[in-house]
Amino acid sequence: MATREGAATVAAEGSKIRVAHVLTVAGSDSGGGAGIQADLKACGARGVYCSTVITALTAQNTAGVQGVNMVSEEFVAEQLKSVLSDMHVDVVKTGMLPSVGIVKVLLHSLNEFPHLALVVDPVMVSTSGDVLAGPSILEVFREELLPRADIVTPNLREASTLLGGKQIETVADMHEAAKLLHDMGPRNVLVKGGDLPGSFDAVDVFFDGEEFYELRSARVRTHNTHGTGCTLASCIAAELAKGSPTLSAVKVAKRFVETALDYSKEIVVGDGPQGPFDHFLMLKREMQGSRKHWIFEPSRLFLYAVTDSVMNKNWDRSITDAVKAAIEGGATIVQLREKEAETGYFIEAAKSCLEVCRSHGVSLLINDRVDVALACDADGVHVGQSDMPVRVARALLGPDKIIGVSCKTPEQAHRAWTDGADYIGCGGVYPTNTKANNKTIGLDGLKAVCLASKLPVVAIGGIGPSNAGAVMEIGAPNLKGVAVVSALFDRECIVEEARKLRATLDKGKTSNS
Ligand SMILES: Cc1ncc(COP(=O)(O)OP(=O)(O)O)c(N)n1
Ligand SMILES: Cc1ncsc1CCOP(=O)(O)O
Ligand SMILES: [Mg+2]
């Protein structure tokens, strides 16, 4: 088994990166919304590793808790030993601790690792109102666990229970509760006011022993709040594990939870009154996109329409109208190449074009601007050799998006494959006025690029109905189509020009097959 020292030595040699690590000691939620499952998602979303010690299995769903099966103290101890004897934990976060014995086992481990920070979410009653830890736990919480905690994060009900039934009905009461809880020994207290009656804001009170901070935010109106407490505490733990000061960790965690709640307002997971939310802000987007599990199909490069903001302005038409017309005429893929557009305008225009493209099953890519592609959830980007490198774009966009890269040489074409591009844009094949100072590579240059790569290739530069046939006739099986700017968008009738081009390409295809 690798010792802590051994692993640290390897890291010190510079070949490894030691990652921030939270250990959650909590109960499992079969519904996946709270407990261990929420902790794993929260840490994952915040970019922190999370190991787990499970204290209880709960059978629960969006209606409530149907059953609890406690893990034995011995087995909780065994899990703690497995993790702590091997892994580099920075912060321990606790959730459901269902028995005094389990709290004692945890305290014993914490004594052995005094450097570990501790975030205590004093889970006693679930959001559905089910009791997860009985009153017998209070004494050990007050006298042993809280004094060891760096921060404790009770909601109003938990704060009241820990304080022997104190009424907490106003922000002033929350201040007082935070002070009284702080007197029990934790370094910081966050009293969460999500349930505060008659409040328009979500107000939490943070107290570090010296100063009170009221952290306010607009209340998110949603039933999907199951797991908010676990998530908030895990996010705080994750930020502490990264090295943040406690107040900053709390602020980031609160913002994270609000964003996730707001994003998840409409999602439906179960039929009960309290649903979970989406930590990764992905579920809704997946369902809204018309292309579920869409795979890049190279034949889509057949007639590739690339817009130009100057041309659209000259012909007095909006980007959306230009895109609509190109699709009507037979374009199979669209790229927004809006070099002059301001970012805010570009994003809105791209969203509007996406609607058009999605309704016709046509992919929409963004030229150069990975940020715009992300902001409007476009299908991908096209980048040049001096734009954002393909590997970086891939890391930002993830595995599902389409990435095209411009290549003029076999070397660039080879690299495009190893870097993870989906297709190559090759040109300028013929001279063009659309792109200044662009070297023309001719049909021989195009052939050489096609031969050098396994990737599908689309030819670009000076291509129109008169020469598109000749381009496609070079006979490279991976040459899948032509990309055009002026032959479509610098013409009076885009639909007509697109149809002409489509006819030429279709003719070439039939005569070759
Ligand atoms: C399909 C396609 N191929 C090549 C290009 C050119 O991209 P790039 O080299 O980044 O030049 P700009 O278009 O950004 O001027 C393209 N846009 N599309
Ligand atoms: C963007 C680009 N990349 C290489 S050539 C070119 C311009 C193509 O425009 P056109 O189709 O009007 O020649
Ligand atoms: Mg570019």
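Counting starts at 1 for both ligands and their atoms, following the listed order. The basis for the numbers below is simple: all heavy atoms, side chains too, and nothing from hydrogens, waters or symmetry mates. It should be emphasised that the depicted structure is a prediction, and the values quoted were computed from it without experimental measurement. Counting begins at 1 with the first residue of the sequence.
- Heavy atoms of other residues, nucleotides or ligands lying less than 6.0 angstrom from CD of Gln385 number more than 12.
- In this structure, CG on Leu261 lies 13.0 Å from NE2 on His223, to the nearest 0.5 angstrom.
- Salt-bridge formation is not detected for the pair Asp204/Lys192: no Lys NZ or Arg NE/NH1/NH2 atom is positioned less than 4.0 Å from an Asp or Glu carboxylate oxygen.
- In terms of protein heavy-atom proximity, atom 1 (C) of ligand 1 is nearest to Tyr304 CE1, 3.6 Å.
- Applying the side-chain contact (heavy atoms from CB on, under 4.5 Å) test between Ile151 and each of Leu247, Thr246, Val91, Val120 identifies Thr246 as the sole match.
- Nearest protein heavy-atom neighbour of atom 2 (C) of ligand 1: His382 CE1, 3.3 Å.
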> Should His21 and Ser51 be marked as a side chain to side chain donor-acceptor pair (under 3.5 Å) after you check the CA-CA gap, both sets of side-chain angles, and the distance that decides it?
Replying inline: CA-CA 8 Å; His21 184 152; Ser51 53; 2.7 Å; yes
>> Set out, in order, the CA-CA distance, both residues' side-chain angles and the distance that settles side chain to side chain donor-acceptor pair (under 3.5 Å) for Thr343 and Arg369, then state yes or no.
In response: CA-CA 9 Å; Thr343 304; Arg369 300 284 304 268; 2.9 Å; yes
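- In this structure, the side chain of Asn224 does not engage the main chain of Phe277 through any donor-acceptor pair within 3.5 Å.
- Looking at Tyr423 next to ligand 1, no N or O pair under 3.5 Å apart turns up.
- Contact between Leu396 and Leu374 at its shortest, heavy atoms only, is O-CD2, 3.8 Å.
- Ion pairing of Lys401 with Asp377 is present here, as a side-chain N (NZ or NE/NH1/NH2) and a carboxylate O approach within less than 4.0 Å.
- Every atom of ligand 1 is numbered from 1 in the order shown, and the set under 4.0 Å from a heavy atom of Gly384 is 8 (P), 9 (O), 10 (O).
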Would you tabulate the polar-atom pairs, meaning N/O of ligand 2 against N/O of the protein, with distances under 3.5 Å, reported to 0.1 Å?
from: ligand 2; atom 1: 9 (O); to: Thr434; atom 2: OG1; distance (Å): 3.4
from: ligand 2; atom 1: 11 (O); to: Val485; atom 2: N; distance (Å): 2.9
from: ligand 2; atom 1: 12 (O); to: Thr434; atom 2: OG1; distance (Å): 2.5
from: ligand 2; atom 1: 12 (O); to: Ser486; atom 2: N; distance (Å): 2.8
from: ligand 2; atom 1: 12 (O); to: Ser486; atom 2: OG; distance (Å): 2.5
from: ligand 2; atom 1: 13 (O); to: Thr432; atom 2: OG1; distance (Å): 2.6
from: ligand 2; atom 1: 13 (O); to: Gly462; atom 2: N; distance (Å): 2.7

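- Protein heavy atom closest to atom 11 (O) of ligand 1, with residue, atom name and distance, is Lys435 NZ, 3.0 Å.
- In this structure, atom 10 (O) of ligand 1 lies nearest to the protein heavy atom Asp387 OD2, 2.8 Å.
- Taking the charged nitrogens against the carboxylate oxygens, Asp278 and Lys41 have no contact shorter than 4.0 Å, which rules out a salt bridge.
- Crowding of Arg317 atom CZ: a count of heavy atoms from other residues, nucleotides or ligands under 6.0 Å exceeding 12.
- Here the heavy atom of the protein found nearest to atom 14 (O) of ligand 1 is Lys339 NZ, 2.5 Å.
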>> Test side chain to side chain donor-acceptor pair (under 3.5 Å) on Gln37 and Ser28; report intermediate values, then the result.
In response: CA-CA 7 Å; Gln37 288 80 356; Ser28 157; 3.1 Å; yes
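- Each of the following atoms of ligand 1 lies closer than 4.0 Å to a heavy atom of Asp368: 10 (O), 14 (O).
- In this structure, Lys509 is positioned above the aromatic face of Phe302, its NZ or CZ under 6.0 Å from the six-membered ring centre and within 45° of the axis.
- Shown are the protein N/O/S atoms under 2.8 Å from the Mg ion (ligand 3), given by residue and atom: Asp368 OD1, Asp387 OD2.
- Listed by number with element, the atoms of ligand 1 under 4.0 Å from a non-hydrogen atom of Asn367 are 12 (P), 13 (O), 14 (O), 17 (N).
- Shown in contact with Gln335 at under 4.0 Å from a heavy atom are these atoms of ligand 1, numbered in order with element: 1 (C), 2 (C), 16 (C), 17 (N), 18 (N).
- Of all protein heavy atoms, the one lying nearest to atom 6 (C) of ligand 1 is Ser406 OG, 3.1 Å.
- Only the side chain of Arg337 comes within 4.0 Å of ligand 1, counting heavy atoms alone; its backbone N, CA, C and O stay farther away.
- Comment: Lys242 engages Glu239 in a salt bridge, judged by a side-chain N to carboxylate O separation of less than 4.0 angstrom.
- Between Lys500 and Glu497 there is a salt bridge, since a side-chain N of the basic residue sits under 4.0 Å from a carboxylate O of the acidic one.
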